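Below you'll find the structure, written out as structure tokens, and then a few comments.
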Amino acid sequence: VQLQASGGGLVQAGESLRLSCVASRHIFRSYAVGWFRQAAGKDRDFEAVVGVNGETRYDADSVKGRFTVSRDNAKNTAYLQMDNMEPEDTAIYYCAAAPRPITGPVWYQRAAEYRVWGQGTLVTVSS
């Protein structure tokens, strides 16, 4: 499966963006999809993941209830809705997929656990 991330752009603080991650194959429905972001000069950090049945997990520190992850298996697409955005959200956002459940031991916060990555989409939030 291949992933294509889109939806990035320039927004002002307080505004919203929705990122999309489209998969190339129907086996997408067997993959958990995670969202990571990488700011300039920093590591790639986990933000959210959606499991095969729509269950979700978030990085509590950075998300703070502003991000919502979801998926539409009929469209082979996962989404990251970002509301009340802050300049600190400025980064390249990546989606990634792994054929694993997100219940049980936590693995989804580690980028190395994902098998497939999208190319990234740039999000810039101005103050």
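Small disclaimer: the values here were computed from a predicted structure and weren't measured.
At a cut-off of 3.5 Å, with distance as the only test, no side-chain donor of R18 or Y79 sits close to an acceptor on the other residue.
Connection of I92 to V116 is not established within any shared hydrophobic cluster, with ILVMFWY side chains joined at heavy-atom distances below 4.5 Å, either directly or through further cluster members. One hydrophobic cluster holds both V106 and V49 under the rule that ILVMFWY side chains link at heavy-atom gaps under 4.5 Å.
Between K75 and T77 the shortest heavy-atom distance is O-OG1, 2.7 Å. For L3 against A97, the heavy-atom pair with the smallest separation is CD1-N, 3.7 Å. Taking all atoms of both residues into account, the shortest heavy-atom contact from A23 to F28 is CB-CD1, 3.3 Å. Here the closest heavy-atom approach between residue W107 and residue A98 is recorded as CH2-CB, 3.7 Å. Considering every non-hydrogen atom in both C95 and A5, the closest pair reads SG-CB, 4.0 Å. The minimum heavy-atom distance between W35 and C21, with the atom names listed, is CZ2-CB, 3.6 Å.
Annotation for Q2: atom CD does not count as buried by contact number, only 12 or fewer foreign heavy atoms lying within 6.0 Å.
Between L17 atom CG and L80 atom CG the span is 9.5 Å, to the nearest 0.5 Å. In this structure, OG in S126 is found 10.5 Å from CE in M85, a value given to the nearest 0.5 Å.
T90 contributes a side-chain N or O that, together with a main-chain N or O of V125, makes up a donor-acceptor pair within less than 3.5 Å. N53 places no side-chain N or O within 3.5 Å of a backbone atom of E55 that could act as its donor or acceptor partner. Side chain of R100 to main chain of Y108: no donor-acceptor pair is present (N/O by atom type, distance under 3.5 Å, no hydrogens or angles). With R66 contributing its side chain and N84 its backbone, the two residues share a donor-acceptor pair below 3.5 Å. Between the side chain of T103 and the main chain of P101, no donor-acceptor pair closer than 3.5 Å is present.
In this pair, Y114 and F36 present their aromatic rings perpendicular. The plane angle is above 60°, beyond the 30 to 60° band. Below 30°, between 30° and 60°, or above 60°: for Y94 and W117 the angle between ring planes is above 60°, a perpendicular geometry.
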| query | Going through the distances and angles, do S16 and M82 end up as a side chain to side chain contact (heavy atoms under 4.5 Å, CB included)? | reply | CA-CA 5 Å; S16 299; M82 303 183 291; over 6 Å; no
| query | Could you walk me through whether R115 and E113 pass the side chain to side chain contact (heavy atoms under 4.5 Å, CB included) check? | reply | CA-CA 7 Å; R115 180 177 298 181; E113 300 287 348; over 6 Å; no
| query | Between Q4 and T121, does a side chain to side chain contact (heavy atoms under 4.5 Å, CB included) hold up when you go through it step by step? | reply | CA-CA 9 Å; Q4 179 77 30; T121 185; over 6 Å; no
| task | Before giving the answer on side chain to side chain contact (heavy atoms under 4.5 Å, CB included), spell out for L19 and V123 the whole-Å C-alpha distance, their side-chain angles and the decisive distance to 0.1 Å. | result | CA-CA 9 Å; L19 305 182; V123 172; 4.0 Å; yes
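Side-chain contact check for S30 versus P99: every heavy-atom pair is 4.5 Å or farther apart.
In this structure, F67 has its ring center no closer than 6.0 Å to that of Y58.
Cation-pi contact between R37 and F46: absent, since separation from the ring centre below 6.0 Å together with deviation from the ring axis within 45° is not met.
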